Amino acid sequence: MEGQVGGSGEEFAVGCLLSIKTTLGDEFDGQVMAFDRFTNMLVIQEGLKSGPRRNIRLLNANYIKDFSFLGQADDPLDPKKCFLDLSRLQAREHLAVRQAEADAQRIGVGVTTEAQNIFDALSKTLPVRWDKTVIVVMNEVRVSSPYLPESVSGGTAAANERVKKVLEFERKRLQARGSSQG
Amino acid sequence: MMNLQQVMPPKSTANGFGRRRGEREGGTRLESKSQSGKSNSGRVTTTVIGSKSGSCAVSSHDKLLYLASCLIGLSVEVQVKGGSVYAGIFHATSDEKDFGVILKMARLIKDGNFRGQKTVAEFVSKPPSKNFIIPSSELVQVIAKDVAVTRDGFANELQSDKQRELMIDSLISQTRHVEERELEPWIPDEDVPQLPELENIFDDPWNSKKWDQFETNETLFGVKTTFNEELYTTKLLRGPQTEELEKEAARIAREIAGEDTQDLHLAEERGSSIHENLGIDEETRFSSVYRGTGFDDSGYEEDEDIVLNTHNNETFGDSSGSVDQISTDFAIAKSSDGGQLSSSSFIVDEAQTSQSDGTGADLYCSEIPSRNFSTLDSESRVQENLLGECGGNNDAKDFVEKQPLPEDAQLPKSGDSQSSPNREKAGTIKVGRSANATPYSTSHVLSKGNEKTSSHGEPVDVAASCKAPGEPQSVNSRGRPGSSASSNSDRAAATSASSGPGLSPSSSMGSLSSEKSTLNPYAKEFKLNPNAKSFTPSQASARPLSPVADNAFYHPPNVSAVPHMHGLPVGFGMGPSLAAQQPVIYPQIAPMQSPQTYYHPHGPQYGQQMLVGQSRPVFYLPNYQPEMPYKGRDY
């Protein structure tokens, strides 16, 4: 839905303290850091304080349903202190991506929460990975849905046994925990 | 969609440089702090002054770009038109008229279709998107947390990044859901026998009901103990005076504990930390062994010396302190039993005299060991040391006479009268050594004695007296007076009593020690007189101290070579091998409690069990090779 851009540019002067409601139901307060009328993007710093780290929102002003003016303060962004270290940014990004990929490995796609829990529990002590919806332990033992001790197959007898045991234990633990929470 | 360009920090002054397209167009001048080689690879932009947005000197677009750049690499959430929210890593934004966003590894976390749902169903339906593009038409907002936008923030971020790096392992192994469970108090099993007193006893430190483990054990399991504390420790005398004694003991303890000390570790224990000097690292403070300056293994000697010397001094009077090392050991032996020492020293002397090599000390020492295993049982080791020490003190003693040490005790040449009592003992005592006694390190003790008497000249006399076989007696006589003259007449007497030719150890030692380097030039060679009368100490002169009981003699096993035996202030003993030729004159001092005079018929040949004529058990030293040069204490 395209809302009307609220007010003229002055209303979004840098430093304004505003309370905003979006068309999607978000409400928040913040201070204007920047407003680009050409893209209609409003950059708001959440909270009324400025510190080394801030929560920032880039909001498309079209989606502002309502706002109110809380006050006027100085520019929260001190131009003298603004630098960009591109390489650092890129490094940060690479790192984040790597981590995300690793994380992603651990999440089974199309598996139930329970399965994911089991996977997580197993991963504490055994090397596990997902193969579609099958948990592969130590690259040899496979645990498929519904992830019961009976569903364990493959691998050497010893490995199999071990996985079964661990699986049972973890299931019990999860159940106990679940029931206590439930 | 444009890739993000390098953004230049907003500048307050405009300067029209390269306009590319429109006022706000263009790449931005890169200002990267780092070594990016790509500086300025981006398009240069202009800063627009007086843009419509008002007075800000920096174009708002620039600011937007800048802030967007700050998000690169951060995990952000992007809300799209439908209400769905995606989380991913901010990768790029467009720099066109529209503001679109590219995320990496994005996943849906909130599905707009299921309004009201806080978090996405945990059922993950598809893997994260490697690159997820959100066009401007879809974009509602981008939410990022903890963004560093200024220099301070960057520093801050770097720091926490580093911290986070270190945590990677734990992060990785963490489960995705941190589930906590409700804690419940522990309830013990029903079938475990519970001791009702347990709670009281252990919880309350002031509980008057004392916990008796044995009692409990017996009650619970029927196990009867045979533990008797007194088997393992001294029996405590508890009587009417117990409390008094305890108080006294506590007082003394407090005193000691409250003492000042320079030792770091002690200070630590006592709680009086002297850590003004912050340069002291933890290892020094709590762990390492203190090594004083000049510390070395022979430090033991020094300490011993000090201790012993004082003892020596007490017992025998100060003699020249020349002999330090050996004296230590000897001193030890000595201190433990003054009287004993005298005999020891005596023996040392003998040893010395017997030694024929140039190093008197060596000889001395070597002699001693086998012989002088005095009754100082406890001190046997000490004696050993002393003897060992003996060897070390070569400087002192180049014995003029290098006669083989006869079995008899040789009177240390210490001129001190103290020695005389020792000399008494031996018909066969070789007195000649006495003169040389002083130089013996082992004769530290003796020297100590000598010191007091300060009669370096005396040794000569003694030596002389020692010379003749018959002399011992005379020596004795001389010694007697001498000894009495010395401060430790008592001891001397005792010594003499026990040790035969009244060579008090101290005296002999003293003389030895006092004379650092030269043998007694006047000392005559000692020749064993087989017919010499044996010394019989008078009953009265029995030494007061005889720590070693009659049967407490040391019986060293037959060892082939005991180099460190040099310094042994053997109380008495006879090298078994000594018996070979000359009649060994066993001290026939029945009541003698201290080590008896040692007659060494041969040279220092210790090794076999020595048979003393008496019923006393006899010391015998392991085979000692007298010729072995003693190189200092080694133990």
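So you know, we letter chains A, B, ... as the sequences are listed, proteins then strands, and number each from 1. In this text, all values refer to a predicted model and were calculated from it rather than measured experimentally.
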- Task: Please round to the nearest 0.5 Å and tell me the distance separating atom CZ of A:Arg92 and atom CG of B:Leu74.
- Result: 3.5 Å
- Task: To the nearest 0.5 angstrom, please state how far the CZ atom of A:Arg57 sits from the CD atom of B:Gln79.
- Result: 8.0 Å
- Item | Heavy-atom side-chain contact between B:Lys63 and A:Met33 under 4.5 Å | no
- Message: As an exercise, state the distance from CD of A:Glu101 to NZ of B:Lys130, rounded to the nearest 0.5 Å.
- Response: 5.5 Å
- Message: Any heavy-atom pair between the side chains of B:Pro128 and A:Asp103 that's under 4.5 Å?
- Response: no
- Item | Portion of B:Val80 that has a non-hydrogen atom of chain A nearer than 4.5 angstrom | backbone
- Message: Rounded to the nearest 0.5 Å, what separates atom CE in A:Met41 from atom CG in B:Leu67?
- Response: 11.0 Å
- Of all the heavy-atom pairs spanning B:Cys70 and A:Leu84, show the shortest one and how long it is. SG-CD2, 4.2 Å
- What's the spacing between B:Leu139 CG and A:Asn40 CG if we round to 0.5 Å? 11.5 Å
- Item | B:Ser69 to A:Leu89 - nearest heavy-atom pair and separation | O-CD1, 3.5 Å
- side-chain hydrogen bond (donor to acceptor under 3.5 Å, both in side chains) evaluation trace for A:Asn60 with B:Gln141: CA-CA 6 Å; A:Asn60 188 331; B:Gln141 60 176 340; over 6 Å; no
- Do you know which two heavy atoms are closest between A:Tyr63 and B:Ser137, and how far apart they sit? OH-O, 3.6 Å
- Nearest heavy-atom pair of A:Asn55 and B:Asp146: which atoms, and what distance? OD1-N, 2.9 Å
